[in-house]
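Numbers restart at 1 for each chain; the letters A, B, ... are given by sequence-line order, proteins then strands.
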Amino acid sequence: MIARASQLFLPTLREPPADAEAASHQLLVRGGFIRQIGAGLWSFLPLGWRVHMRIEQIIREEINAIGGQEMRAPTLTPAELWETTGRIDVPILFHLTDSGGRPFVLSWTHEESMTFLAREIQSYKQLPQVWYHFSTKDRDEPRPRGGLLRLREFIMKDSYTFDADVAGLDAAFDRHEKAYARIFERCGLEAYLVEAESGVMGGKSSLGFLAPTGSGENELIRCENSDYFADVEAARGKPRPAELPEPLAALERVETPGVGTIEELAAFLGIAESATSKALPVVTGDRLVLALVRGDDRLSPEKLETFFERAFRPATEGEIRAAFGAGGGSLGPVGVDVEVIADEALREGQYVAGANEDGWHLRGVEAGRDYEATFADIRQTVAGDACPECGGKLEIQTAIEVGHIFKLGTFHSEAFGATFLDEDGREKPLVMGSYGIGLARTMAAIVEQSHDENGIVWPSSVAPYDVHVVALPGAEEIATRAAEALSAAGKSVLLDDRDQRAGEKFADADLIGCPIRVTAGKKSLEDGKVDVRDRASGAEKRLDVADLGKEFQ
RNA sequence: CGGGGCGUGGCGCAGCCUGGUUAGCGCGUUGGUCUGGGGGACCAAAGGUCGCGAGUUCGAAUCUCGCCGCCCCGACCA
């Protein structure tokens with residue numbers, strides 16, 4: 001297969017668009033792969049779509065290999081589908097009506113559609129089922145960003161598994177986990193399986209695949225010894241030890257006029273921030289709770305939400321006054337009639353805490369002796385924490401979530417009455433799992449990981465073309481023969497037959513990033529050879545056109 | 001939704017503060033000459049509702065108000 005650049009819609013740009021910051025955003029636009037049509041809305045141009053299709057095909061092969069059946073559900077769906085599960089209220093849903101005024105929703109995921117279909121499953125004899133499709137998702141994202149990093153419309157591969165029991169789900173989940181690892185590996189993408197926070201969806205297991213990148217919305221925690229990876233939101237780093245002063249036999253009141261922050265408190269008392277505790281009153285449902293973390297730690301909203309199994313919000317100034325009789329800067333767990341959730345780090349030792357009296361704190365506050373609390377891991381892991389596996393130092397890195405897999409259980413099947421009869425003739429809800437990969441986001445992540453100052457360096461598995469043949473003036477004929485030889489050897493070839501300067505063609509070739517560049521120029525006319533250059537390493541060698549075929553067998 | 005920034009030929013920008021004939025520059029595009037292994041030179045040319053709408057003014061890209069769009073930070077987020 002040979003594509004001629006002179007006839008391709010391949011608009012490359014010398015400069016990146018002004019509003020592009022992420023490397024993938026800049027390079028994909030400059031290389032003529034994608035163009036924007038609105039916030040979070042992008043067109044894939046011929047080269048971009050070729051890459052997208054190659055990623056799609058890798059996913060298809062791997063999901064087929066674990067028994068997936070490819071199908072297709074629509075994106076436009078009747079609103080009642082979403083009323084069935086109550087997910088009609090999800091804020092990122094796009095709502096619309098048809099000309100008759102009937103309400104519709106653009107699917108942002110397909111559990112509802114697939115479960116609707118799964119009602120046709122009648123018997124345990126038909127289980128398990130693994131269904132998947134590549135389909136358009138629309139999400140009214142509050143903030144799309146970064147080119148392909150966060151889109152309002154995108155194509156996702158999503159699988160849905162239906163099993164008779166939890167053991168079946170576990171097996172299906174495990175197969176997907178392994179398939180995903182193979183998919184990302186084949187795409188040339190470094191991605192790690194991490195525990196993800198399922199937040200308000202709560203309870204069920206959820207794992208994410210994070211690809212470390214230069215730009216992204218997630219943060220990957222990784223141990224320096226590579227034995228622990230986690231999303232920062234769920235990471236279980238161990239805090240460094242607190243620097244505590246000598247313990248006190250009893251509480252000691254200390255006046256702290258004008259002290260409102262931990263930083264000021266530590267400075268005023270001449271102690272480390274880690275010797276203090278930070279009190280954060282929150283409201284969940286209709287109860288007020290005091291969350292307590294060490295002074296040098298930050299509360300992890302995701303962990304606290306998981307602990308509560310529901311959303312929460314910071315308490316208002318009025319609520320704080322009413323419950324504690326003091327302002328936000330002087331709160332503590334001692335002597336209050338409020339439930340206290342304390343971070344594990346505070347289980348041992350004595351800390352300075354607010355006295356619930358403006359301008360006063362307490363020294364020597366000790367859990368168990370001075371207050372009762374429920375202990376939980378509610379602190380945010382930070383770089384420098386110790387690894388929970390080996391004690392090594394944890395590092396933090398920007399990342400993109402390219403895949404997410406969930407054990408859904410029976411929430412959707414119960415809502416839809418998607419049941420089957422088991423061996424004993426009992427009616428049971430299908431046990432479900434769902435598994436997603438964002439294709440465009442995967443593409444962006446690959447570029448984030450595989451580029452240099454000159455452009456993209458595509459892994460050969462997803463490159464738009466295997467070989468980029470550059471025809472310099474006078475050598476068009478030999479370039480064409482080289483392209484034909486490569487094509488005959490099964491390679492896809494981009495033949496740059498445009499009437500452009502050599503520098504321009506080389507710059508475009510580097511930018512577009514095909515793994516191999518073959519150059520035919522004046523020198524070729526003399527010796528019949530071409531220059532074969534490896535995009536990644538820059539290594540170059542001269543080969544006879546006749547030998548090109550076997551070079552790439 | 002809160003904060004900040006931006007909107008001027010295809011791309012990147014200047015002009016705006018301090019209103020005044022034909023709105024400039026670089027790149028790109030078209031035609032031509034020379035050139036030809038890392039974005040070459042010269043000549044000629046095309047291409048603009050200055051985001052939209054009101055207002056102020058003799059006169060608005062420029063000042064005022066409103067709206068829209070886009071980007072970044074935050075909030076939000078299966």
Side-chain angles (χ1 to χ4, degrees), chain A residues 11-22 25-26 29-30 32 35-42 85 87 90-93 108-112 137 139-147 149-152 156 158 160 196-209 215 217-218 231 233-234 301-302 305-306 311 313-314 401 403-409 411-412 432-438 453-455 470-476 479 496 498-511 517-526 529-531 533 538 540 542:
Chain A
T12 57
L13 300 173
R14 184 188 292 228
E15 295 178 83
D19 54 18
E21 294 195 355
H25 185 180
Q26 295 189 0
V29 172
R30 282 189 57 209
R35 282 296 185 269
Q36 183 170 28
I37 204 155
L41 300 172
W42 289 79
T85 52
R87 297 208 296 178
V90 170
I92 61 172
L93 238 55
W108 60 292
T109 177
H110 280 84
E111 282 82 8
E112 276 74 2
K137 309 287 190 244
R139 299 182 176 183
D140 189 3
E141 291 287 352
R143 193 183 151 202
R145 69 189 96 186
L149 258 30
R150 190 174 197 81
L151 296 166
R152 288 201 291 182
M156 177 188 277
D158 38 325
Y160 300 88
E197 245 342 302
S198 41
V200 284
M201 297 307 288
K204 302 289 183 278
S205 170
S206 136
L207 299 178
F209 283 84
S215 297
E217 305 189 290
N218 296 75
D231 189 313
E233 295 179 359
E302 296 81 12
E305 194 166 279
T306 301
R313 60 171 174 84
E401 187 185 74
H404 207 151
I405 57 182
F406 296 91
K407 290 184 182 176
L408 295 175
F411 173 77
H412 299 82
M432 293 175 56
S434 83
Y435 319 82
I437 295 180
E453 62 280 6
N454 295 319
V470 174
L472 295 179
E476 292 84 358
D496 191 350
R498 299 171 304 165
D499 181 20
Q500 297 288 341
R501 314 285 305 181
E504 221 165 318
K505 293 191 172 195
F506 291 148
D508 272 351
D510 288 345
L511 178 60
R517 187 185 81 193
V518 170
T519 305
K522 205 180 333 185
K523 288 185 281 180
S524 309
L525 297 176
E526 296 160 10
K529 296 186 180 196
V530 290
D531 292 301
R533 184 186 173 96
E540 197 164 76
R542 284 187 73 72

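Across all strands, A/E141 comes closer than 4.0 Å to no nucleic acid atom at all (heavy-atom distances). Nucleic acid contact class of A/D158 (heavy atoms, under 4.0 Å, all strands): none. When heavy atoms are screened at a 4.0 angstrom cut-off, A/I92 is found touching no nucleic acid atom at all. Base contact: A/R517 has a heavy atom under 4.0 Å from a base atom. Backbone-only engagement by A/A39 is indicated by non-hydrogen atom pairs under 4.0 Å involving sugar-phosphate atoms exclusively. Looking at heavy-atom distances under 4.0 Å, A/G403 makes no contact with the nucleic acid at all. Residue A/Q500 is classed as a base contact, given a heavy-atom separation below 4.0 Å to a base. Residue contacts shown for A/K522 include a base, since a base heavy atom lies under 4.0 Å away. In this structure, A/G38 reaches the sugar-phosphate backbone alone: every heavy-atom distance under 4.0 Å involves primed, P, OP1 or OP2 atoms, never a base. Counting any heavy atom pair closer than 4.0 Å across all strands shown, A/T12 reaches no nucleic acid atom.
By the 4.5 Å heavy-atom criterion applied to side chains, A/H25 and A/L149 are not counted as neighbours.
B/C67 and B/G10 have their C1' atoms separated by 27 Å, given to the nearest Å. For the C1' atoms, the distance linking B/U22 with B/G48 amounts to 13 Å, nearest Å. Look at the P atom in both B/C42 and B/A61: the space between them is 34 Å, to the nearest Å. With both ends at atom C1', the span from B/G39 to B/G26 equals 14 Å, rounded to whole Å. Comparing B/C50 with B/U62, their C1' atoms are spaced 10 Å from each other, to the whole Å. Distance noted for atom C1' between B/G3 and B/A46: 44 Å (whole Å).
Rounded to an integer number of Å, the gap from CG of A/L149 to C1' of B/C70 is 17 Å. Between the P atom of B/C77 and the CE atom of A/M156 lies a distance of 17 Å, rounded to the nearest Å. If you measure from atom NZ of A/K505 to atom P of B/U35, you get 19 Å, rounded to the nearest angstrom. Atom C1' of nucleotide B/G38 and atom CZ of A/R533 are separated by 9 Å, given to the nearest angstrom. The CZ-P distance, from A/R542 to B/G37, rounds to 14 Å in whole Å.
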Could you pull out the protein-nucleic contacts involving nucleotides 47-52 of chain B (nitrogen or oxygen on both sides, under 3.5 Å)?
none

Under-3.5 Å N/O pairs linking protein and nucleotides 2-11 of chain B:
none

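Contact annotation: A/R14 reaches the phosphate of B/G28 (side-chain N/O to OP1 or OP2, under 4.0 Å).
Applying the Watson-Crick and G-U wobble criteria (two distances, each under 3.5 Å), B/C50 pairs with nothing in any strand. Remark: B/C63 base-pairs with B/G55. Criterion, Watson-Crick or G-U wobble with two distances under 3.5 Å.
A/R501 contributes no side-chain N or O that forms a donor-acceptor pair with the base of B/G39 under 3.5 Å. Evaluation of atom-type donor-acceptor distances gives a pair under 3.5 Å for the side chain of A/R150 against the base of B/C77.
Position along RNA chain B of the nearest nucleotide to A/E401 versus A/R152 favours A/R152 as the more 5'-ward residue.
Between A/R145 and A/E217 a salt bridge is recorded (basic side-chain N to carboxylate O distance below 4.0 Å).
Looking at residues two or more places apart in sequence or on another chain, you find no side chain to side chain donor-acceptor pair (under 3.5 Å) involving A/K529.
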